[in-house]
Amino acid sequence: QVQLVESGGGLVQPGGSLRLSCAASGSIAAIYAMGWYRQAPGKQRELVARITNTDSTNYADSVKGRFTISRDNGKNTVYLQMNNLKPEDTAVYYCNANLWDNGWLFYWGQGTQVTVSS
């Protein structure tokens, strides 16, 4: 059982920055991978960034060079640092975790709204 709680969303101007946090109920060191997804109105949920327990990362092309995903195992938290935000980044951002427990399991946070607008 993994509970994920996102925070840090809000309204920001274009070019601004936000840092999203995803706090897990257990040790994230035991989680194979964690990631951030986003879903804008009328669009499918898409992968934004992902990090594995070996610190392998991947990013959507649209956010490369602007977003950075990281982990703090001591705080059981994964972060998404978002810089140079654009209106196109406006979406609900969801934290995701997948882990092995007699099969691959997937968990989602409740989502946090990010709005980039002047």
Enquirer: I'd like to know whether Cys22 forms a side-chain contact (heavy atoms from CB on, under 4.5 Å) with Thr77, so could you lay out the CA-CA distance, the side-chain angles of the two residues, the decisive distance to 0.1 Å, and finally the verdict.
Expert: CA-CA 5 Å; Cys22 175; Thr77 300; 5.5 Å; no

Enquirer: Just how far is it from atom CZ of Arg66 to atom CG of Asn84, taken to the nearest 0.5 Å?
Expert: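 Spacing of CZ (Arg66) from CG (Asn84) equals 6.0 Å.
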
Enquirer: Taking all non-hydrogen atoms of both residues into account, name the closest pair between Pro14 and Ser117 and its distance.
Expert: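 Scanning both residues completely, I find the closest heavy atoms to be CD-C, 3.6 Å.
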
Enquirer: Could you give the distance from CG (Leu47) to CG (Asn58), rounded to the nearest 0.5 Å?
Expert: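 Leu47 CG to Asn58 CG: 5.5 Å, rounded to 0.5 Å.
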
Enquirer: Please step through side-chain contact (heavy atoms from CB on, under 4.5 Å) for the pair Asn53 and Ile31, ending with a clear verdict.
Expert: CA-CA 7 Å; Asn53 58 2; Ile31 298 175; over 6 Å; no

Enquirer: Could you check Arg71 against Tyr79 for side-chain contact (heavy atoms from CB on, under 4.5 Å), going step by step and ending with a plain yes or no?
Expert: CA-CA 6 Å; Arg71 293 185 288 107; Tyr79 303 96; over 6 Å; no

Enquirer: Distance from Leu20 atom CG to Phe67 atom CZ, nearest 0.5 Å?
Expert: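 Reported value, rounded in 0.5 Å steps: 8.0 Å.
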
Enquirer: Spell out, yes or no, whether Val116 and Tyr94 are grouped together once hydrophobic residues are joined by side-chain heavy atoms under 4.5 Å, including indirect joins.
Expert: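 No.
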
Enquirer: Under 3.5 Å, is there a donor-acceptor pair between the Thr54 and Thr52 side chains?
Expert: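 Distance-only check passes for Thr54 and Thr52.
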
Enquirer: Identify the heavy atoms of Met34 and Leu4 that sit nearest to each other, and give their distance.
Expert: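 The pair with the smallest heavy-atom distance is CE-CD2, 3.9 Å.
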
Enquirer: Salt bridge check: are Asp89 and Lys86 linked by an N-O gap of less than 4.0 Å?
Expert: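 Here Asp89 does not pair with Lys86 in a salt bridge, since their nearest N and O are not under 4.0 Å apart.
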
Enquirer: Taking atom OG1 of Thr68 and atom CZ of Arg19, what is their separation to the nearest 0.5 Å?
Expert: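 Thr68 atom OG1 to Arg19 atom CZ measures 11.5 Å (nearest 0.5 Å).
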
Enquirer: Can you measure from OG (Ser56) to CD1 (Ile51) and round to the nearest 0.5 angstrom?
Expert: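 Reported to 0.5 Å precision, the distance equals 8.5 Å.
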
Enquirer: Check for me, please, whether Val12 and Val48 land in the same ILVMFWY cluster - side-chain distances under 4.5 Å, paths through other members count.
Expert: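 Yes, one cluster joins them.
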
Enquirer: To the closest 0.5 Å, what do you measure between CZ (Arg38) and CD (Gln44)?
Expert: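 Answer rounded to 0.5 Å: 14.0 Å.
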
Enquirer: Report yes if the side chains of Leu99 and Val2 come closer than 4.5 Å at any heavy-atom pair, otherwise no.
Expert: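 Result yes, sub-4.5 Å side-chain heavy-atom pair found.
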
Enquirer: May I ask you to decide if Gly9's main-chain N or O and Thr112's side chain share a donor-acceptor pair within less than 3.5 Å?
Expert: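 Between the backbone of Gly9 and the side chain of Thr112 there is a qualifying donor-acceptor contact (under 3.5 Å).
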
Enquirer: What do you reckon, are the aromatic ring centroids of Tyr37 and Trp108 less than 6.0 Å apart?
Expert: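 Under 6.0 Å, so yes.
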
Enquirer: Return yes if a side-chain donor-acceptor contact under 3.5 Å exists between Asn83 and Ser17, otherwise no.
Expert: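 Asn83 vs Ser17: donor-acceptor pair found between side chains.
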
Enquirer: Indicate whether the side chain of Thr115 and that of Gln113 have a donor and an acceptor atom separated by less than 3.5 Å.
Expert: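 Note: Thr115 and Gln113 side chains meet the donor-acceptor criterion.
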
Enquirer: Pick one: which of Val63, Ile69, Val114 meets side chain to side chain contact (heavy atoms under 4.5 Å, CB included) with Leu80?
Expert: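 Answer after filtering Val63, Ile69, Val114: Ile69.
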
Enquirer: Less than 4.5 Å apart, any side-chain heavy atom of Leu105 and any of Tyr107?
Expert: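 Contact flag for Leu105/Tyr107 side chains = yes.
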
Enquirer: Begin with the C-alpha distance, continue with both residues' side-chain angles, and end with the deciding distance and a verdict on side-chain contact (heavy atoms from CB on, under 4.5 Å) for Glu6 and Tyr93.
Expert: CA-CA 8 Å; Glu6 301 102 328; Tyr93 284 70; over 6 Å; no

Enquirer: In terms of heavy-atom contacts, does CD of Glu46 have more than 12 from other residues, nucleotides or ligands at under 6.0 Å?
Expert: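 For Glu46, atom CD is crowded (more than 12 foreign heavy atoms under 6.0 Å).
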
Enquirer: Can you check whether Asn98 reaches Arg50 side chain to side chain, under 4.5 Å on heavy atoms?
Expert: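 Yes, at least one pair of side-chain atoms sits under 4.5 Å.
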
